Amino acid sequence: MIVISANNLTKEYDGSNLVLDRVSFAVNGGERIGIIGINGAGKTTLLRMLAGKLPPSGGDFFVSSDLKVGYLEQDGGFDSERTVMEEVRKIFEHFPEMDREMEQLLAKAGEEEGGQEALDRYEQIRERYERMGGYMYESEIRGILTSMSFDESMYDKKISTLSGGEKTRLALAILLLEKPDILFLDEPTNHLDIGTLKWLEQYLKGYRGTMMIVSHDRYFLNETVNRIFEIENGRLSIYEGNYDFYAEERRNRREVELRHYEKQQKEIERQEEMIRRFKQRGTEKLAKRAASREKRLEAMDVMERPEGGHGKLKLNFRQNFQSGKDVLLAEDLSKSFGYGMNRVELFRNVSIDVKRGERVCIVGDNGIGKTTLIRMLMGDLVSTTGHIRAGHNVQFGYYDQGQQLLNDENTVIEELQDAYRLYSEGELRNILGRFLFRGDAVFQEIGDLSGGERARLALLKLMMSGANTLMLDEPTNHLDIESKEVFEDALMEFPGTCIIVSHDRYFLNKIPTRIMELTADGLVNYLGKYDYYVEKKQQLIESGSKYVAGLARAGRGDSDEPYSDTGAGEQLTAAEERRIKKEKEAEERRTKRRKEALESEIQRLEEEIESIHGELTKPEVMTDHGRLKALSDKMEEDKAALDGCYEQWLELTE
């Protein structure tokens, strides 16, 4: 049954800024829709119209009036002086009223006159109370609040004192407690740590209603949705699958569209050339042919070039000079705040050894001190105990998740001029254009920029710094999916070192050479990406490993993998560690030799293909059909071999 639909839905601002252009779709009950697109594409606009918060400029839409709708806004939508618990209890205010009525009825039940009637009425209310969850709502409130990182100490805090992230989490908690039939969620994963994200995914997997989710979290979309709506250039495209299906299908669609576009362009060129020749001949008959072809050409529905609509972020990190092999060494770090009874310890026993070229990602619960740790490693904060040593020629570049290092009173171009005075205004405007700041956008004040625009500007400053060691605190926050992918590709190509705090699980499955989990007792080292980290962490929990604390204190970049085939939870002996290390070094040598052999073969094949290409252009070969066929066959054979070599080489370099 269709519960949501739109027909030619249009939205424009100021009479000229067309955000959505004749969008049409239908959603059946129980479907899970992910809405994606670049920042400013109109995703939130669409959701607000469907939620009744914004009128359309044209077209119409339908949302079933028989169903209860819940809408989560990006900022939480709160304007309240209530406490956290008072705001939550508003949802269940009918239960205390029912409690009072049942108490009164019980008191009357003992009276001779009207007692039986009161008892019957009591039983009716009690059954309804039980059916509605009256005996469970208190525990449900506490369970949801705990899952959204609200402990009992926050129950009496006024909502006006909460941070933006806390307000968003509270709004999400209230929405889940209300249990609507249709969920409209606008960026629900903002401000959630990995543990809370996993809990929310499991909750939504069990949710039986209909969902429409605006999100840039690719991992979350993979886990929760079964259809993707992509908004691009005001139009909506529908993909029948999760994010990975969308990414593959979109790539295939774009390739087909590009082929059709190129084919049409060739046909247009051919027709224009024929028209030109007909006109040159000057005869009446040919002139009529030319006019006829011109009319057909004018009537042709000319395709736009795919991916040419909105521009694409251009990002590449370069280092001014290379650091030494040893980048960072820290031993037995701890960090505490306050004194005496008010002393709060974030973490202790933190040791880390980072080598040049590593991409280390740090994960952990909200509030555990991840940002504090990377600022300590850079020297911006002093550790309570322990010591830190940066290696030779290490130059740090820092990206802070709140972009607090940007001056809100500067314009965009002034921010760059203050930092890089040797560049001319023209050079800076060209660079800003690569980051999608074009025309008058360079004169916007930073305080007026959106979160995505501030993130792009902060990344640009980082790129221009030439640092060889990037310290990144939640760098994918506020970036749309396309910008995330460009950013990830740039990090993969960066020859320097990266230490990154992130909760973006798709990012964590692509970027790190290892993951470190910050706990109160230190860093636990996992030599793999996110899925590996989850698997090994679960093994440790199930085995009740006695040496988890030892792993937490290790955090070494040059250590061998702490998990072996001897079984999770068993500590390796010194002899086993030496054996594993030798095997690892032997495998690395074999891989190196194989890569060198492949590189030599790739060079030979490329030279041979180039030589054959030269032969094919010779006049005597072009007239010798036997020779021409033999050379063409040989070229195709070499190209196939070259593709195979490249595939093997790429596998070895992953």
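Remember, it's a predicted structure, so these values are computed and weren't measured experimentally.
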Problem - R218: partners by side-chain hydrogen bond (donor to acceptor under 3.5 Å, both in side chains), with sequence neighbours left out - result: E488

Problem - NZ/NE/NH1/NH2 to OD/OE distance under 4.0 Å, R251 and E248 - result: yes

Handout entry: Pairs involving residues 208-249, ordered by first then second residue, that meet ring-ring contact (aromatic ring centres under 6.0 Å, His included) (sequence neighbours left out)
Key = F25-F229, Y219-Y530, Y239-Y246, Y243-Y246, Y243-Y506

Problem - Flag side-chain contact, heavy atom, 4.5 Å: T44 against D186 - result: yes

Exercise for the section: For residues R227 and I238, report the shortest heavy-atom separation together with the two atoms involved. Expected result: NH2-CG2, 3.5 Å

Problem - Heavy-atom donor-acceptor pair, Y203 side chain to L176 backbone, under 3.5 Å - result: yes

Exercise for the section: Output yes when a side-chain donor or acceptor of D480 lies under 3.5 Å from a complementary backbone atom of E482, and no otherwise. Expected result: yes

Practice task
Check whether any side-chain heavy atom of L508 sits under 4.5 Å from a side-chain heavy atom of C361, and report yes or no.
Solution key: yes

Practice task
Pick out which of I33, I182, V27, L204 makes a side chain to side chain contact (heavy atoms under 4.5 Å, CB included) with M211.
Solution key: L204

Practice task
Would you mind telling me which of N39, L459, I38 makes a side chain to side chain contact (heavy atoms under 4.5 Å, CB included) with L479?
Solution key: L459

Handout entry: Distance, nearest 0.5 Å, that separates CG of L192 from CG of N366
Key = 8.0 Å

Handout entry: Any donor-acceptor N/O pair, E358 side chain to K355 backbone, under 3.5 Å
Key = yes

Practice task
Would you confirm whether T10, through its side chain, and G59, through its main-chain N or O, come within 3.5 Å as a donor-acceptor pair?
Solution key: no

Handout entry: Polar side-chain atom of E31 near backbone of V225 as donor-acceptor pair, under 3.5 Å
Key = no

Fill in the blank from the handout: dist R318:CZ -> S465:OG (nearest 0.5 Å) comes out at 13.0 Å

Handout entry: Side-chain touch V501/L472, heavy atoms, less than 4.5 angstrom
Key = no

Exercise for the section: Step through the shown structure and confirm whether more than 12 heavy atoms of other residues, nucleotides or ligands are within 6.0 Å of CG on N252. Expected result: yes

Handout entry: Donor-acceptor pair, side chain of R356 and main chain of T469, under 3.5 angstrom
Key = no

Practice task
Without swapping roles, check the side chain of K68 against the backbone of E178 for a donor-acceptor pair under 3.5 Å.
Solution key: yes

Exercise for the section: Please step through side chain to side chain contact (heavy atoms under 4.5 Å, CB included) for the pair E493 and F317, ending with a clear verdict. Expected result: CA-CA 8 Å; E493 294 174 5; F317 294 107; over 6 Å; no

Practice task
Report yes if the side chains of L221 and R32 come closer than 4.5 Å at any heavy-atom pair, otherwise no.
Solution key: no

Exercise for the section: With the side chain counted from C-beta on, respond yes when Y398 and D473 share a heavy-atom pair under 4.5 Å apart, and no when they do not. Expected result: yes

Problem - Criterion side chain to side chain contact (heavy atoms under 4.5 Å, CB included) on N7 and F61, from CA distance to verdict - result: CA-CA 6 Å; N7 181 40; F61 68 92; over 6 Å; no

Exercise for the section: Calculate, to the nearest 0.5 Å, the distance between atoms CZ and CG belonging to R359 and L470 respectively. Expected result: 11.5 Å

Practice task
Determine, step by step, whether L9 and R22 satisfy the side chain to side chain contact (heavy atoms under 4.5 Å, CB included) criterion, reporting the C-alpha distance in whole Å, the side-chain angles of both residues, the deciding distance to 0.1 Å, and the verdict.
Solution key: CA-CA 5 Å; L9 198 58; R22 293 167 292 169; over 6 Å; no

Practice task
Output yes when K510 and D489 qualify as a salt bridge under the 4.0 Å nitrogen-oxygen rule, no when they do not.
Solution key: yes

Exercise for the section: Let me see the working for L20 and T45 under side chain to side chain contact (heavy atoms under 4.5 Å, CB included), right down to the final yes or no. Expected result: CA-CA 8 Å; L20 296 173; T45 296; 4.2 Å; yes

Practice task
Tell me, yes or no, whether the heavy-atom count around K263 atom NZ, taken from other residues, nucleotides or ligands under 6.0 Å, exceeds 12.
Solution key: no

Problem - Polar contact flag, side-chain donor to acceptor under 3.5 angstrom, S323-N468 - result: no

Handout entry: Over-ring placement of R514 relative to Y526, 6.0 Å and 45° cut-offs
Key = no

Problem - Side chains of I368 and K370 in contact at under 4.5 Å (non-hydrogen atoms) - result: yes

Problem - Q603 atom CD: more than 12 heavy-atom contacts under 6.0 Å - result: no

Problem - Atom of S57, atom of E12 and distance for their closest heavy-atom approach - result: OG-N, 3.0 Å

Handout entry: Distance in Å, Q444 CD paired with L457 CG, rounded so as to fall on 0.5 Å steps
Key = 10.5 Å

Exercise for the section: Please lay out, stage by stage, how E517 and K536 fare under the test salt bridge (charged side-chain N to carboxylate O under 4.0 Å, His left out). Expected result: CA-CA 12 Å; E517 182 178 20; K536 290 300 180 183; over 6 Å; no

Handout entry: Spacing of L315 atom CG and R456 atom CZ [to the nearest 0.5 Å]
Key = 11.5 Å

Problem - Atom CD of E610 with >12 non-hydrogen neighbours under 6.0 angstrom - result: no

Exercise for the section: Ignoring hydrogens and angles, tell me if any N or O in the side chain of N226 forms a donor-acceptor pair with the backbone of G241 under 3.5 Å. Expected result: no

Exercise for the section: Could you tell me whether K43 and E187 have a side-chain N and a carboxylate O separated by less than 4.0 Å? Expected result: no

Fill in the blank from the handout: Shortest non-hydrogen pair, L416 vs K461, comes out as CD2-CG, 3.7 Å

Completion exercise
When T189, I35, L185 are each screened for side chain to side chain contact (heavy atoms under 4.5 Å, CB included) with I213, the one that passes is L185

Handout entry: L200 vs L172 side-chain heavy atoms within contact, under 4.5 Å
Key = yes

Practice task
Could you pull out the closest heavy-atom pair between V3 and F62, with the gap in Å?
Solution key: O-CE2, 3.7 Å

Practice task
Would you check if R48 and F184 make a side-chain contact, meaning some heavy-atom pair closer than 4.5 Å?
Solution key: no

Handout entry: Quiz item: cation-pi between K11 and Y13, 6.0 Å / 45°
Key = yes

Completion exercise
Here the pair of heavy atoms bringing P475 nearest to Y399 is CA-CE2, 3.4 Å

Problem - NZ/K205: more than 12 non-hydrogen atoms of other groups inside 6.0 Å - result: yes

Problem - Lys/Arg N to Asp/Glu carboxylate O, R208 vs D181, below 4.0 Å - result: no

Handout entry: Spacing of T168 atom OG1 and L72 atom CG [to the nearest 0.5 Å]
Key = 7.0 Å

Fill in the blank from the handout: Heavy atoms of S502 and V363 approach each other most closely as O-CG1, 3.5 Å

